[in-house]
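Worksheet: the structure to be examined is printed underneath.
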Amino acid sequence: MVSIDLPIEGRLARYDLTGRPVPFNSRDAKAFSRVAFAAAHVVANPLADNDPWLAPAIDWERTLAFRHRLWDLGLGVAESMDTAQRGMGLGWPEARELIRRSLAEARGRPDALIACGAGTDHLAPGPDVSIDDILAAYENQIEAIEAEGGRIILMASRALAAAAKGPEDYIRVYDRVLSQVKEPVIIHWLGEMFDPALEGYWGNADHMAAMKTCLDVLEAHAAKVDGIKISLLSKEKEIVMRRQLPKGVRMYTGDDFNYAELIAGDEEGHSDALLGIFDAIAPVASAALEALGSGRNGEFFELLKPTVPLSRHIFKAPTRFYKTGVVFLAYLNGLQDHFVMIGGQQSARSLVHLAELFRLADKAGALADPELATARMRRVLAVHGVE
């Protein structure tokens with residue numbers, strides 16, 4: 001049995017690893033009864049001579065290899081989303097290059113499902129930013145992605161949240177954008193728990209009132225909308241909205257707290273998935289989706305249930321720092337050789353937080369090689385002066 005001393009409640013305590021790793025098995029998405037995207041992270045280049053807070057340095061080879069890993073598991077790639085630190089280290093110039101490279105990789109394999117985030121993040125919010133400026137910014141990014149043959153995930157806009165006077169400005173922007181896109185898009189409603197700058201999105205701080213505006217936009221443009229991903233961390237709100245969607249419009253759960261039951265669904269419908277946690281637990285998620293697709297619902301819940309405490313820990317408030325946990329798991333699992341993030345975001349969570357993440361990942365079967373993970377956890381402890 002592998003053991004390690006981990007910090008908890010101001011002291012070190014022995015932890016014995018008992019989890020049974022869920023193996024990596026390649027799968028075809030056709031075996032799934034749900035559409036499932038993993039929002040993929042970016043691997044930093046620790047050997048670059050840069051100022052991490054100011055300019056990101058990306059290890060392109062490892063970043064793209066991780067996307068192939070997701071495709072091998074049957075998962076789609078949601079590219080250049082908030083999991084890739086969009087707006088928290090990854091700017092539009094780097095995101096555009098990442099999208100270009102990922103789409104080129106996807107063209108080399110027939111099973112690659114990919115959609116790419118288009119937003120307005122190259123436009124800094126401010127008092128002089130007009131709705132026309134925001135429209136032009138959206139159109140600029142959409143044009144760049146569509147020129148590469150990419151599908152669009154229409155990301156929420158900090159600039160729009162700052163400039164909009166009410167729901168009518170959101171309706172104007174989304175009406176214009178959706179009338180021009182080449183293919184149906186996925187709209188992403190990212191809640192303020194993920195990004196405080198997006199509070200009051202859709203023109204109302206009340207989520208239910210905001211939902212009505214969003215549903216009006218979806219109804220008016222249903223033919224141009226593949227689905228909507230909502231990230232409000234509320235299964236009740238997601239289900240309410242899911243039951244009101246226009247026919248043919250999917251609900252993509254972004255609820256990293258309640259995804260298992262939302263994906264399983266109820267007698268009135270289910271959610272598909274576009275989740276950051278699927279980056280961290282990809283082999284488990286793939287196995288669970290295959291079980292659900294084969295009618296083995298008990299196995300689906302048996303696999304995913306232990307991952308929920310892990311996900312809730314990774315996404316705990318301040319939720320926007322969840323990317324640190326996602327990258328930490330990639331490091332523990334040998335998918336990158338270091339625990340360094342663009343923007344220096346590896347420092348966003350405490351050592352105690354990372355230690356609890358380690359315990360929960362073990363219990364969830366999300367540590368592919370417990371001995372390797374333990375050795376790497378010891379390195380992180382040593383960096384923090386705990387040996």
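A 6.0 Å sphere centred on CD of E143 holds no more than 12 heavy atoms belonging to other residues, nucleotides or ligands. Taking a 6.0 Å sphere around CZ of R109, one finds it holds more than 12 heavy atoms contributed by other residues, nucleotides or ligands. Within a 6.0 Å radius of CH2 in W60, other residues, nucleotides and ligands contribute more than 12 heavy atoms.
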Problem set entry | side-chain contact (heavy atoms from CB on, under 4.5 Å) evaluation trace for I142 with V177 | CA-CA 9 Å; I142 290 169; V177 170; 3.4 Å; yes

For this session: Assess whether side-chain contact (heavy atoms from CB on, under 4.5 Å) is satisfied between Q345 and F321, documenting all intermediate values.
Result: CA-CA 8 Å; Q345 287 289 316; F321 295 141; 3.8 Å; yes

Exercise. Could you go step by step and tell me if M155 and D121 meet the side-chain contact (heavy atoms from CB on, under 4.5 Å) rule?
Worked result: CA-CA 9 Å; M155 301 175 70; D121 47 319; 5.9 Å; no

For this session: Evaluate the criterion salt bridge (charged side-chain N to carboxylate O under 4.0 Å, His left out) for residue pair R27 and D111; output intermediate values, then yes/no.
Result: CA-CA 10 Å; R27 291 184 177 86; D111 61 342; over 6 Å; no

For this session: For the pair D169 and I134, evaluate side-chain contact (heavy atoms from CB on, under 4.5 Å) and give the outcome as yes or no after the intermediate values.
Result: CA-CA 11 Å; D169 284 330; I134 293 163; over 6 Å; no

For this session: Take D266 and R243 through the salt bridge (charged side-chain N to carboxylate O under 4.0 Å, His left out) test and state the conclusion after the steps.
Result: CA-CA 11 Å; D266 55 33; R243 292 175 178 172; 2.8 Å; yes

For this session: Dump the intermediate steps for salt bridge (charged side-chain N to carboxylate O under 4.0 Å, His left out) on D255 and K237, then the final yes or no.
Result: CA-CA 10 Å; D255 188 338; K237 291 173 184 176; over 6 Å; no

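Counting all heavy atoms, side chain and backbone alike, L6 lies closest to A355 at CD1-O, 4.0 Å. When all heavy atoms of A57 and A48 are compared, the pair lying nearest together is CB-CB, 3.3 Å. Taking each heavy atom of L73 and N25 in turn, the nearest pair found is CD2-O, 3.4 Å. Closest heavy-atom contact between M241 and I228: CE-CD1, 3.7 Å. Smallest separation of non-hydrogen atoms from F32 and G74: CE1-O, 3.3 Å. Scanning both residues, Y174 and A156, for their nearest heavy atoms gives OH-CA, 4.4 Å.
Going from atom CG of L372 over to atom CG of N333 covers 7.5 Å, rounded to the nearest 0.5 Å. In this structure, the separation between CG on L70 and CG on L113 is 11.0 Å, given to the nearest 0.5 Å. Atom CZ in R158 sits 12.0 Å away from atom CG in L123 (nearest 0.5 Å). Residue L351 holds its CG atom at 5.0 Å from NE2 of H384, rounded to the nearest 0.5 Å. Atom CD in E356 sits 9.0 Å away from atom OH in Y15 (nearest 0.5 Å). Interatomic distance, CZ of F257 versus OG of S234, reported as 11.0 Å (0.5 Å rounding).
Counting heavy atoms from C-beta on, the side chains of L289 and I263 come closer than 4.5 Å. Using a 4.5 Å heavy-atom threshold, the side chains of T319 and L233 count as touching. Side-chain contact between H338 and V43: present, with at least one pair of heavy atoms (C-beta onward) separated by less than 4.5 Å. Contact check for R96 versus Q141: no side-chain heavy atoms found under the 4.5 Å cut-off. Contact of the T120 side chain with the L135 side chain is not registered, since no non-hydrogen atoms from C-beta on lie closer than 4.5 Å. The shortest side-chain heavy-atom distance between L367 and T374 does not fall under the 4.5 Å cut-off. At least one side-chain heavy atom of D82 sits less than 4.5 Å from a side-chain heavy atom of Y322. Inter-residue side-chain proximity for L274 and M251 is flagged as unmet; no heavy-atom pair is nearer than 4.5 Å.
The residues R242 and D272 are annotated as not salt-bridged, no charged nitrogen and carboxylate oxygen being separated by less than 4.0 angstrom. Ion pairing between a basic and an acidic side chain is recognised when a charged N comes within 4.0 Å of a carboxylate O; D369 and R376 show no such pairing. The residues R101 and E97 are annotated as salt-bridged, a charged nitrogen and a carboxylate oxygen being separated by less than 4.0 angstrom. One finds no salt bridge joining E105 and R67 here, because no Lys/Arg side-chain nitrogen approaches an Asp/Glu carboxylate oxygen to under 4.0 Å.
With respect to K323, the side chain to side chain contact (heavy atoms under 4.5 Å, CB included) criterion is satisfied by exactly one of H41, R86, M88: M88.
Residues S130 and D133 bring a donor and an acceptor atom of their side chains to less than 3.5 Å of each other. With 3.5 Å as the limit, one finds no donor-acceptor pair spanning the side chains of S179 and H221. Between the side chains of S286 and E290, no donor-acceptor pair of N or O atoms lies under 3.5 Å. For T253 and S271, the side-chain atoms include no donor-acceptor pair closer than 3.5 Å. For the residue pair E139 and Q180, a side-chain donor N or O sits within less than 3.5 Å of a side-chain acceptor on the partner.
N50 places a side-chain N or O within donor-acceptor distance of the main-chain N or O of A55, the cut-off being under 3.5 Å. Distance alone, capped at 3.5 Å, is enough to place a donor-acceptor pair between the S311 side chain and the D256 backbone. In this structure, the side chain of E94 does not engage the main chain of P56 through any donor-acceptor pair within 3.5 Å.
In this structure, W92 and H122 have tilted ring planes: the angle between them lies in the 30° to 60° band. The aromatic rings of Y259 and F278 lie perpendicular to each other, with more than 60° between the two planes, well past the 30° mark.
Hydrophobic clustering, with ILVMFWY side chains joined whenever heavy atoms are under 4.5 angstrom apart, groups W189 together with V173. A chain of hydrophobic side-chain contacts below 4.5 Å, direct or via other Ile, Leu, Val, Met, Phe, Trp or Tyr residues, connects Y201 to L178. Under a hydrophobic clustering in which Ile, Leu, Val, Met, Phe, Trp and Tyr are joined whenever their side-chain heavy atoms come within less than 4.5 Å, directly or via other members, M81 and I186 fall into the same cluster. The same ILVMFWY cluster, assembled from side-chain heavy atoms under 4.5 Å apart, contains both I314 and L75. Both V327 and Y331 are assigned to one and the same hydrophobic cluster, defined by single-linkage of ILVMFWY side chains at heavy-atom distances under 4.5 Å.
For R107, there are no side-chain hydrogen bond (donor to acceptor under 3.5 Å, both in side chains) partners at least two apart in sequence or on another chain.
F328 and F339 have their aromatic ring centers within a separation under 6.0 angstrom.
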